[in-house]
Chemist: 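Submitted below is the structure of interest, expressed as C-alpha cells.
Just so we're on the same page: letters track the sequence lines, and every chain starts at 1. Worth saying up front: this structure is predicted, and the values here are computed from it rather than measured.
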Amino acid sequence: MSENTAPSNFIEEAIKEDLENGRFDSVVTRFPPEPNGYLHIGHAKAICIDFGTAEVFNGKYNLRFDDTNPVKEETEFVDSIKEDIRWLGFDWEDREYYASDYFDQLYQWAVQLIQQGDAYVDDLSPDEIREYRGSLTEPGKNSPYRDRSVEENLDLFEKMKNGDFPDGSRVLRAKIDMSSGNINMRDPVMYRIMHAHHHRTGDKWCIYPMYDYAHGQSDSLEGVTHSLCDLAYEAHRPLYDWFIEKLGIFHTRQIEFARLKLSYTILSKRFLKQLVHEKHVNGWDDPRMPTLSGMRRRGYPHQAVRDFIDRVGVAKNESIADISLLEFCVRDILNKEANRVMVVLDPLKLVITNYPEGKTEEMEAVNNPEDESAGTRLVPFSRELYIEREDFEENPPRKFFRLAPGQEVRLRYGYYVKCTDFVKDENGTITEVHCTYDPETRGGYSPDGRKVKGTIHWVSADHALTAEIRNYDRLFNVPDPGNVPEGETFLHHINPNSYELNLNAKLEPSLRTAKPGDRFQFERKGYFAVDSDSTPDHLVFNRTVTLRDTWEKMQNK
RNA sequence: UGGGGGUUGGUCUAAUGGUAGGACGACUGACUCUGAAUCAGUUAGUAGGGGUUCGAAUCCCUUACCCCCAGCCA
C-alpha cells in the first residue's frame with residue numbers, strides 16, 4: 001500500500017499504523033490450515049484476508065499446516081488444500097511450513113518454561129482437570145501437582161517425551177492463574193501424551209503440543225508479523241501473548257476478524273463431513289458442496305470467488321453473506337468469458353412446413369457478444385428443429401413474446417417463423433409445432449424492417465447431440481440451516497430438488513469437442529460446465545447457475 | 001450472576017465529531033437477434049433511552065439483544 005492509499009478495512013488500518021509507528025517494518029502473514037478436511041468458501045475468505053493483506057503491503061505470506069494432532073490429520077488433505085489455494089490464484093513459493101517442523105524447538109521452549117517456573121507436569125486425570133478448572137462463573141482451583149520442583153518437572157516431562165507414561169496419564173501445563181476470568185488462562189494444557197503415528201514425524205514423538213502452545217511460537221519462528229484469525233481466538237490472544245512474552249521471542253501481533261457465513265449454506269466442518277458420510281451428497285467435491293473443490297467442479301470461476309470475498313468485506317461483525325451476491329459474481333465473470341451455445345433442455349419438435357426437405361444451411365452465430373475475439377461459428381439449420389417446450393403456448397398469457405398460434409418469432413441466427421399449427425397426442429400433450437418461415441429473413445434480419453418481439457433458440461433435429469445434464473440448485477431451502485428450531489437439524493432442510501438429472505437435452509453439434517472444465521452459456525438458460533465425468537461419447541454438463549429470468553418472476557406474481 | 005467481542009436499509013459494508021454513501025437483492029423504465037447483459041431510476045438504515053456538543057453512527061452513561069470461552073480439538 002502506498003502512503004496515500006486508504007486502508008480498505010480495520011486490519012489494514014492496524015497494520016498501516018504498525019508500519020508507521022515502527023512496530024514492524026514489513027509484513028508477513030500466514031494461512032494455517034489443519035490438514036483434516038477440505039477447504040470451503042469460509043476458508044477462502046481467510047486465505048484472501050491472510051494472503052491478500054500481505055500482497056497489499058508488498059509483504060510475504062506463508063502456508064503452514066497446523067499438524068499438531070496426529071490422530072486427526074492426513075497427507076491426503078495436505079494435497080487437496082494446496083490444490084485449492086493454487087486454484088484461488090495464490091503462490092506461497094517455497095514458504096510451505098508445518099507446525100511439526102518446530103516440534104524440537106517447541107520442546108526446548110517447554111523445558112525453558114519449566115526452568116523458569118512457568119510450566120509444570122500435572123498428574124490429574126482429564127476429568128479431574130475439568131473439575132479443577134471451575135466454571136464460567138466460578139474460579140478454578142490449583143492442582144495438587146502445581147508446585148512440584150523444577151527438577152521433578154524436568155524429569156517427568158522428559159519421561160513423558162520418552163514414552164514412559166500411557167496416553168492421558170499426565171500433561172504439561174502452563175502455570176498462569178486458576179482464578180482468571182478468562183478460562184483459557186487457567187493453566188492451559190501445553191502437551192499431551194499420544195502414542196500415535198504422525199504423518200510427517202512418524203513415531204519420533206509421543207507427546208504433542210496443543211494449538212495454543214504451538215501456534216504463536218510457530219508464527220514467531222517464521223517471522224510472521226500479523227497473525228490474522230477467526231474471532232473465536234480472541235479469547236486466546238492473552239495466552240498467545242503470554243507464551244511469546246515468557247519466552248522472550250519475536251512478538252507477532254494477532255488480529256481477529258469475523259468468519260464468513262453464507263445463506264442457504266452450511267460451513268461447519270462437522271456438518272459437511274456428515275453430508276458426505278451419510279451420502280446426502282456425492283463426496284466432498286459434489287457440485288452442491290460449498291467446498292472449493294465442489295465449486296470448482298460446479299463451474300464457478302476462481303475469480304468469482306475472489307471477487308465475492310472482496311465484496312463481502314472484512315469486519316468483526318458476525319454476519320451471513322447473501323448467496324445471491326456469490327451468484328452475481330459468478331454470472332459477472334461467466335458473462336464476460338463463457339462462449340454462447342444453443343441447447344434445448346426440454347425439446348419440442350418444430351417443423352417448418354415450407355422449408356425444403358433434406359436441405360441444410362450453415363448459420364453463423366456469435367460466440368460471445370461480450371468478447372469479439374471469441375469469433376463466430378456455424379450452426380446447422382434444417383426443416384425439423386427442436387425448440388424449448390416452454391417457448392410455445394397454445395393459449396399465450398399476456399406479454400408472452402414466444403411462439404403461439406399465429407404469432408411470429410425469430411429463431412436466433414436463423415429465420416423468422418410463424419406458427420400455423422400444432423399436434424397433440426391422446427393425452428393432450430403437444431408433440432409437434434408447425435410453422436412457416438420467411439426466406440427473406442435469413443440470419444434473423446427482415447429486409448422490410450418488421451419487428452418480432454421474441455427470439456428463441458433451437459437445435460437442428462438431425463444434427464443434435466445428446467448429453468447428461470445435471471441441474472444443481474442450492475442444497476438447503478432455509479437461509480440459515482445451521483440455526484434451526486429445537487428438535488430439528490440442518491438435515492430437515494435439505495432441498496429435495498437440489499439435483500435433477502436431465503437426459504433429454506438436444507445440443508448443437510459444436511459441443512462435440514467440449515472438454516472437462518469448459519464453461520458455456522446455454523443461451524437463455526444458464527451457465528454450464530463440463531463435468532470431470534464427461535467423455536467424448538457421453539457428455540456431462542453441470543449447471544453452474546441459471547441466467548436471471550425476469551419472465552419467470554413476472555409469472556410468479 | 002465470570003471473561004472477551006458485537007449491533008448502520010432485506011443482506012454485506014463505508015462514513016474515524018461536520019451532507020449517512022456503495023454493492024447485492026427487490027421494484028420501475030429504456031435498450032436489446034439471449035425476457036441475459038447493459039443503462040437510468042425507485043425503495044429502504046444508525047438497536048432503545050438519556051447526556052456532552054453549534055453539530056453525534058462516531059464521545060459519555062444506561063438498557064436490550066446476539067456471538068465466543070468450561071477439549072488432553074484447532
Chemist: From CG of N182(A) over to P of rG5(B), roughly how many Å is that when rounded to an integer?
Modeler: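 Answer to the nearest Å: 10 Å.
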Chemist: Could you measure between the two C1' atoms, the one in rC67(B) and the one in rC31(B), and give it in whole Å?
Modeler: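 The answer is 48 Å between these two C1' atoms.
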Chemist: Please figure out whether E234(A) or E523(A) has its closest RNA chain B nucleotide nearer the 5' end.
Modeler: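 Its nearest nucleotide being more 5', the pick is E234(A).
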Chemist: Report the residue (S180(A) or G414(A)) whose heavy-atom-nearest nucleotide on RNA chain B is the more 5′ of the two.
Modeler: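 Final value for this comparison: S180(A).
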Chemist: CE of M554(A) versus P of rA36(B): gap in Å, rounded?
Modeler: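 The distance from CE of M554(A) to P of rA36(B) comes to 10 Å, rounded to the nearest Å.
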Chemist: Looking at residues at least two apart in the chain, or sitting in another chain, which of them share a side-chain hydrogen bond (donor to acceptor under 3.5 Å, both in side chains) with S510(A)?
Modeler: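 Scan of S510(A) (side-chain hydrogen bond (donor to acceptor under 3.5 Å, both in side chains), adjacent residues dropped) gives E508(A).
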Chemist: Checking Y97(A) now: which residues fulfil ring-ring contact (aromatic ring centres under 6.0 Å, His included) with it, not counting sequence neighbours?
Modeler: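 Result, ring-ring contact (aromatic ring centres under 6.0 Å, His included) vs Y97(A): none returned.
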Chemist: Can you check the distance between rC24(B) and rU7(B), where both ends of the measurement are the P atom (answer in whole Å)?
Modeler: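 Their P atoms lie roughly 24 Å apart.
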Chemist: Output the rounded distance in Å from CD (E131(A)) to C1' (rA70(B)).
Modeler: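 Spelled out: CD on E131(A) to C1' on rA70(B) is 12 Å.
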Chemist: Give me syn or anti for rG51(B), where syn covers glycosidic angles within 90 degrees of 0.
Modeler: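 In terms of base orientation relative to the sugar, rG51(B) is anti.
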Chemist: Starting the side chain at C-beta, find the nucleotide from rG5(B), rG35(B), rG2(B) nearest to L136(A).
Modeler: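 Of the candidates, rG2(B) comes closest.
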Chemist: From CZ of R186(A) over to P of rG4(B), roughly how many Å is that when rounded to an integer?
Modeler: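 It works out to 13 Å between those atoms.
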Chemist: What integer number of Å spans the C1' atoms of rG49(B) and rG3(B)?
Modeler: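 Here rG49(B) and rG3(B) have their C1' atoms 27 Å from each other.
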Chemist: Measuring only the C1' atom in each nucleotide, how far is rG50(B) from rU16(B)? A whole number of Å is fine.
Modeler: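 Taking atom C1' in both rG50(B) and rU16(B), they lie 24 Å apart.
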Chemist: Taking any heavy-atom pair under 4.0 Å as a contact, classify Y415(A): base, sugar-phosphate, or nothing.
Modeler: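 Counting heavy atoms under 4.0 Å across all strands, no contact is made by Y415(A).
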Chemist: Measuring only the C1' atom in each nucleotide, how far is rU8(B) from rA56(B)? A whole number of Å is fine.
Modeler: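 Those two atoms are separated by 14 Å.
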Chemist: Between F541(A) and F528(A), does the ring centroid distance fall short of 6.0 Å?
Modeler: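 Not close enough - the centres of the two rings lie 6.0 Å or further apart.
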Chemist: Residues two or more places apart in sequence or in another chain: which of them pass side-chain hydrogen bond (donor to acceptor under 3.5 Å, both in side chains) with D167(A)?
Modeler: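 Checked D167(A) against side-chain hydrogen bond (donor to acceptor under 3.5 Å, both in side chains); zero matches.
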Chemist: Contact class for K553(A) vs. all strands (heavy atom < 4.0 Å): base, sugar-phosphate, or nothing?
Modeler: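 Sugar-phosphate only.
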Chemist: Specify the separation, in whole Å, of atom CG of D310(A) and atom P of rC24(B).
Modeler: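 So the CG-P distance, D310(A) to rC24(B), works out to 14 Å.
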Chemist: Listed by chain and number, what are the salt bridge (charged side-chain N to carboxylate O under 4.0 Å, His left out) partners of D177(A), not counting sequence neighbours?
Modeler: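 In terms of salt bridge (charged side-chain N to carboxylate O under 4.0 Å, His left out), with neighbours along the sequence ignored, D177(A) is linked to no residue.
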Chemist: For V409(A), check side-chain contact (heavy atoms from CB on, under 4.5 Å) against everything at least two apart and list the hits.
Modeler: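 V409(A) satisfies side-chain contact (heavy atoms from CB on, under 4.5 Å) with L403(A), V417(A), I456(A) once adjacent residues are dropped.
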Chemist: Under the ring-ring contact (aromatic ring centres under 6.0 Å, His included) test, which residues partner Y191(A), sequence neighbours left out?
Modeler: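 Y191(A) satisfies ring-ring contact (aromatic ring centres under 6.0 Å, His included) with F157(A), Y213(A) only.
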Chemist: One character per nucleotide, please: for nucleotides 11-20 of chain B, 5' to 3', B when the base has a protein heavy atom closer than 4.0 Å, S when only the sugar-phosphate does, - otherwise.
Modeler: SSSS-B----
Chemist: Across the strands shown, which category fits Q521(A) at heavy-atom distances under 4.0 angstrom: base, sugar-phosphate, nothing?
Modeler: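 Answer is base: heavy atoms of Q521(A) come under 4.0 Å of a base.
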Chemist: Need one value for S135(A): base, sugar-phosphate or nothing, where a base atom within 4.0 Å counts as base even if backbone is also close, heavy atoms only.
Modeler: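 Touches a base.
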Chemist: Using the C1' atoms only, state how far rA23(B) lies from rC66(B), rounded to an integer number of Å.
Modeler: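 Pairwise C1' distance, rC66(B) against rA23(B), rounds to 25 Å.
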Chemist: If we take the P atom in both rU52(B) and rC61(B), what is their distance in whole Å?
Modeler: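 After rounding to an integer number of Å, I get 15 Å for this pair.
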Chemist: Between C1' on rA26(B) and CG on N556(A), what's the gap in Å once rounded to a whole number?
Modeler: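 Atom CG in N556(A) sits about 14 Å away from atom C1' in rA26(B).
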Chemist: Restricting to ring-ring contact (aromatic ring centres under 6.0 Å, His included), what partner residues turn up for Y120(A), sequence neighbours left out?
Modeler: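 In terms of ring-ring contact (aromatic ring centres under 6.0 Å, His included), with neighbours along the sequence ignored, Y120(A) is linked to no residue.
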Chemist: What are the atom names and distances for every N/O pair under 3.5 Å that joins the protein to nucleotides 37-41 of chain B?
Modeler:
unit_1	atom_1	unit_2	atom_2	d
rA37(B)	OP1	R548(A)	NH1	3.3
rA37(B)	OP2	R548(A)	NH1	3.3
rA37(B)	O2'	N335(A)	ND2	2.9
rA37(B)	O2'	E370(A)	OE2	3.3

Chemist: For a side-chain contact (heavy atoms from CB on, under 4.5 Å) with C329(A), tell me which candidate from D307(A), D310(A), V305(A) qualifies.
Modeler: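 Among the candidates, only D307(A) passes.
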Chemist: How would you label the contact of Y208(A) with the nucleic acid (heavy atoms, under 4.0 Å): base, sugar-phosphate, or nothing?
Modeler: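 Nothing, no nucleic acid heavy atom in range.
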Chemist: Just by modelled atom types, is the D230(A) backbone N or O under 3.5 Å from a matching donor or acceptor in the R259(A) side chain?
Modeler: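 No; judged by distance alone, with no hydrogens or angles, the pair does not exist.
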Chemist: Students often get this wrong, so: under 4.0 angstrom with heavy atoms, is P369(A) touching a base, only sugar-phosphate, or nothing?
Modeler: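 Result for P369(A) = base.
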Chemist: Would you mind reading off the distance between E388(A) atom CD and rG35(B) atom C1', rounded to a whole angstrom?
Modeler: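 The distance from CD of E388(A) to C1' of rG35(B) comes to 14 Å, rounded to the nearest Å.
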Chemist: What is the distance, to the nearest angstrom, from the CZ atom on R237(A) to the C1' atom on rC68(B)?
Modeler: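 To the nearest whole Å, that distance equals 13 Å.
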Chemist: Can you confirm whether or not the ring centre of H215(A) sits under 6.0 Å from the ring centre of Y233(A)?
Modeler: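 Ring-ring flag for H215(A)/Y233(A): false, centres at least 6.0 Å apart.
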Chemist: If you measure from the C1' atom in rG18(B) to the same atom in rA57(B), how many Å do you get, rounded?
Modeler: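 Comparing C1' positions in rG18(B) and rA57(B) gives a spacing of 13 Å.
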Chemist: Please name all residues satisfying ring-ring contact (aromatic ring centres under 6.0 Å, His included) with F401(A), sequence neighbours left out, ordered by chain then number.
Modeler: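 With sequence neighbours excluded, F401(A) shows a ring-ring contact (aromatic ring centres under 6.0 Å, His included) to no residue whatsoever.
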Chemist: Do any pairs count as a salt bridge (charged side-chain N to carboxylate O under 4.0 Å, His left out) and have a residue in residues 323-338 of chain A, sequence neighbours left out, and if so which ones?
Modeler: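 Those involving residues 323-338 of chain A are E327(A)-R474(A), D332(A)-K336(A).
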Chemist: Please tabulate the protein-to-nucleotide N/O contacts below 3.5 Å involving nucleotides 71-74 of chain B, giving atom names and distances.
Modeler:
unit_1	atom_1	unit_2	atom_2	d
rG71(B)	OP2	R133(A)	NH2	3.1
rC72(B)	OP1	R133(A)	NH2	3.2
rC72(B)	OP2	R133(A)	NH1	3.1
rC72(B)	N3	G168(A)	O	3.3
rC72(B)	N4	L124(A)	O	3.2
rC72(B)	N4	P126(A)	N	3.4
rC72(B)	N4	G168(A)	O	2.9
rC73(B)	OP2	R192(A)	NE	3.1
rC73(B)	OP2	R192(A)	NH2	2.9
rC73(B)	O3'	N69(A)	ND2	3.4
rC73(B)	O3'	R192(A)	NH2	3.1
rC73(B)	O2'	N69(A)	ND2	3.4
rC73(B)	O2'	K72(A)	NZ	2.8
rA74(B)	OP1	T68(A)	OG1	2.7
rA74(B)	OP1	R192(A)	NH1	3.3
rA74(B)	OP1	R192(A)	NH2	2.8
rA74(B)	OP2	Y211(A)	N	2.9
rA74(B)	O3'	D66(A)	OD2	3.3
rA74(B)	N6	H236(A)	NE2	3.3
rA74(B)	N3	Y233(A)	OH	2.7

Chemist: Answer yes or no: does a side-chain N or O of R524(A) lie under 4.0 Å from OP1 or OP2 of rG35(B)?
Modeler: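 Looking at the OP1 and OP2 atoms of rG35(B), one of them is under 4.0 Å from a side-chain N or O of R524(A).
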Chemist: In sequence, state the C-alpha distance, the side-chain angles, and the governing distance for Q521(A) and E523(A), and then conclude on side chain to side chain donor-acceptor pair (under 3.5 Å).
Modeler: CA-CA 6 Å; Q521(A) 183 195 103; E523(A) 292 216 35; over 6 Å; no
